[in-house]
Asker: 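For reference, the structure I am asking about is given below.
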Amino acid sequence: MSLDLSRFHATFFAESLEGLNQVEEALLSIEQRGHDKDALDAIFRAIHSLKGSAGSLGFGVIAELAHDMESVLDRLRQALMPVSAESTNVLLRGVDCLRNWILAAEAKEPMDAAAGAGLVRELQLLLQRKVEAGSETARHAAAEPAAGKRRYVIVFRPAQDFFHSGNDPARFIDELAQLGELESTVDLSALPGMQSFVPITCYLAWRIKLETAASANDIREVFEWVSNCCALEIEEAPLSEAAPESAAGEAGAARGDVAGGGAAEVRRDAGLVTMHVRTEKIDELVNLVGELVITHTMLRQTAQGLDAIKDARAVSVFAQLERNVQDIQERVLAIRMMPVNHVFGRFPRLVRDLGLQLGKAIELKISGEQAELDKSVIEQLIDPLTHLVRNALDHGIELPADRLSVGKPAKSTLSLHAEHRGGRFVITVTDDGRGINPEMVKRRALEIGLLNSLEEFDEAAMYAMLLKPGFSMAQKVSNVSGRGVGLDVVSENVRKLGGSLDIQSKLGTGTTFTINLPMTLAIVDGMIVGAGGERYIIPIAFIRECLQVSSVNVQSVVGQGQVLQLRGDYIPVINVMDICALQGGQVVQPVLVVIEAENRTIALQVDELLGQDQVVFKSLEANYRKVEFMAGASILGDGRVALILDINEIVKQHATIRALSRNQPVAAVV
């Protein structure tokens with residue numbers, strides 16, 4: 001009877017890719033700090049676990065390369081080989097190769113085995129070299145006590161369905177044998193008679209005595225891949241005598257009852273229990289919660305007609321339902337929240353490799369990486385952030401000699417920071433490089449025809465120019481990036497997420513890019529407004545204040561529209577009816593919603609405010625088509641569809657905003 005191992009593939013792919021990310025991070029850390037036995041032990045265990053898992057599931061090519069990497073890592077952790085740039089480079093390329101093969105296997109594409117042939121040769125060459133007798137690593141190895149061995153009594157009891165996972169108990173015993181001197185005894189007490197014997201059922205258990213310099217955690221690592229389908233007991237015993245047979249046997253038997261049911265290993269130091277869930281299932285759950293929120297809103301509107309005294313019971317039930325729906329909503333959305341380190345974690349390697357390629361000394365500083373953001377937003381941030389980082393490394397940061405010539409330290413600093421700020425999520429990318437030169441930007445804009453020589457060109461205009469499609473500071477094509485190249489694409493991608501991109505730069509000091517984002521794309525806090533008989537939603541995060549003003553405060557600008565005079569500033573006014581091409585009667589006293597976006601302030605004119613509510617974001621492009629000035633749609637409590645205004649696009653494209661982008665006095669514009 002053949003076993004279907006494909007059901008274990010998804011877990012293997014997810015855990016292996018996560019493990020490789022941790023290995024890469026640890027290797028980069030060791031490269032900076034030098035020999036670190038604990039870190040090397042952790043890397044060794046991760047590659048060792050990946051090797052065993054790949055071999056069990058039939059990915060032989062992956063297992064073979066992992067085995068060669070494991071051999072080098074074993075030499076490094078025992079200080080029989082120095083940690084060097086060469087060994088780190090080879091191991092990092094090994095991580096890249098393993099990652100590519102795993103991704104290929106996940107996509108059911110053939111793995112390019114030839115790609116690893118050169119790596120295997122380099123790894124074998126490293127193994128052939130001997131550490132110099134007088135080196136620091138050799139002294140470190142000699143200083144470790146040779147008599148640091150311990151004796152462990154291990155009870156290994158696989159669950160009865162252990163073979164269904166494609167694993168062989170003998171392989172784990174062989175792995176233990178590599179840690180030290182081993183004596184194994186098999187327990188046949190659960191073996192049934194021939195009439196009840198099932199060939200694919202595991203009836204055996206093992207009691208193992210192991211003398212080793214390894215720790216109990218090292219032993220657990222051997223069984224990590226099968227921890228959910230076996231019982232494992234590890235007890236340390238004095239070297240003079242082993243632990244009493246009865247105690248170990250009783251412990252094993254007691255745990256065997258649990259393992260017989262296929263339960264996971266119960267660890268004394270167990271912490272949080274985690275499980276892998278496919279993202280599609282989480283997205284489906286979020287969508288269902290969105291529908292629940294819509295239904296709840298409908299019910300709440302129905303409940304508004306109830307009498308608080310006559311229908312007290314029903315009112316109480318509706319109040320309880322509202323609390324329950326809110327709790328479910330918060331918890332389900334929290335499931336989809338991920339630390340932004342999911343994106344930041346890939347940049348130490350990128351900065352290291354590009355720094356070596358460009359001949360630049362760069363220190364990467366990351367902060368706020370544990371701040372959480374919606375998974376759907378994080379996934380779409382990878383490309384924009386990668387572009388900003390590559391751009392800073394190539395053209396923002398100077399060569400060491402150039403930095404020294406202007407009194408800067410040879411090593412530059414690139415900083416990535418994330419934080420929650422006022423209900424929004426803010427990410428900054430800052431370099432201490434040469435900054436953006438306004439004269440060079442102006443000259444380049446004139447050269448490529450994006451600027452008229454008569455146009456005013458100040459700092460705000462310079463930043464706007466950098467974000468224009470087709471603008472590039474590069475005189476020739478670069479294989480890395482160019483300051484300004486593709487920034488319009490970065491801005492567009494951020495805008496699609498409901499966010500904005502801000503640039504601040506000081507010549508000779510450096511540049512900061514700030515990405516401002518909503519916390520989630522699933523459910524939006526919105527102000528429902530009426531205009532021309534239709535309903536629209538303005539995201540609360542953009543609203544500064546709402547005003548009902550007289551005509552005295554609103555003045556016309558010749559050929560441009562209207563502006564609001566508010567506390568000494570002149571704010572452009574945009575009528576939502578004009579944006580949406582609506583027809584309607586004259587409103588006696590319209591409402592102005594003052595909003596801030598794209599580093600500008602504008603006022604949206606609407607007929608009335610209809611209330612504030614949480615609305616479920618639905619994509620127009622996925623369900624209908626792209627509609628200008630609209631970010632999406634939602635279903636209101638009465639079942640009507642309301643469009644969600646795309647505030648960033650309105651601010652960015654409206655002609656009045658371009659004319660009054662700096663809030664000039666009316667007289668200066670007329």
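Side chains included, hydrogens not; waters and symmetry mates left out as well; all remaining heavy atoms used.
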Asker: Check for a donor-acceptor pair, side chain of Arg77 on one end and backbone N or O of Lys37 on the other, with a separation under 3.5 Å.
Answerer: no
Asker: Compute whether any side-chain donor of one residue and acceptor of the other, for Thr386 and Asp383, lie under 3.5 angstrom apart.
Answerer: no
Asker: Inspect the contact between Arg349 and Asp353 and indicate whether a charged nitrogen and a carboxylate oxygen are less than 4.0 angstrom apart.
Answerer: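 Arg349 and Asp353: salt-bridged.
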Asker: Which is it for His417 and Ser367 under the side chain to side chain donor-acceptor pair (under 3.5 Å) test, yes or no, and what are the steps along the way?
Answerer: CA-CA 5 Å; His417 175 73; Ser367 56; 2.7 Å; yes
Asker: Specify whether Phe13 and His9 have parallel, tilted or perpendicular ring planes, treating 30° as the upper limit for parallel and 60° as the lower limit for perpendicular.
Answerer: tilted
Asker: Nearest 0.5 Å please: distance from the CG atom of Leu358 over to the CG atom of Leu393.
Answerer: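 The CG atom of Leu393 is 7.0 Å from CG of Leu358, to the nearest 0.5 Å.
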Asker: For a quick check under 3.5 Å, do Ser376 and Asp374 share a side-chain donor-acceptor pair by atom type?
Answerer: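 Result is yes, a qualifying pair exists.
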Asker: Give a yes or no on whether the backbone of Leu127 and the side-chain of Arg75 come within a donor-acceptor separation of less than 3.5 Å.
Answerer: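 Here the side-chain-to-backbone pair exists.
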Asker: Would you call the rings of Phe162 and Phe156 parallel, tilted or perpendicular, where under 30° means parallel and over 60° means perpendicular?
Answerer: perpendicular
Asker: Under 3.5 Å, side chain of Thr88 to main-chain N/O of Glu31, donor-acceptor pair present?
Answerer: no
Asker: Is Glu175 atom CD crowded by more than 12 heavy atoms from other residues, nucleotides or ligands, each under 6.0 Å away?
Answerer: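 More than 12 within 6.0 Å, yes.
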Asker: Are Arg99 and Asp96 ion-paired here, with the side-chain N under 4.0 Å from a carboxylate O?
Answerer: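 Answer for the salt bridge query: yes.
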Asker: Mark yes or no for whether Arg434, through its side chain, and His395, through its backbone, hold a donor-acceptor pair below 3.5 Å.
Answerer: yes
Asker: Is the side chain of Asn89 donor-acceptor paired with the backbone N or O of Glu86 at a distance under 3.5 Å, no angle test?
Answerer: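 Such a contact is absent between Asn89 side chain and Glu86 backbone.
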Asker: Can a donor-acceptor pair be found, under 3.5 Å and without considering hydrogens, that links the side chain of Thr413 to the backbone of Leu364?
Answerer: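 Judged by distance alone, no pair lies under 3.5 Å.
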Asker: Nearest 0.5 Å, please: how far is CG in Asp283 from CD1 in Ile335?
Answerer: 11.5 Å
Asker: Any carboxylate oxygen within less than 4.0 angstrom of a Lys/Arg side-chain nitrogen, looking at Lys408 and Asp402?
Answerer: no
Asker: Is there a donor-acceptor pair under 3.5 Å between the side chain of Lys51 and the backbone N or O of Glu70?
Answerer: no
Asker: For Ser505 and Ile436, indicate whether the former's side chain and the latter's backbone hold a donor-acceptor pair under 3.5 Å.
Answerer: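 At least one qualifying donor-acceptor pair exists.
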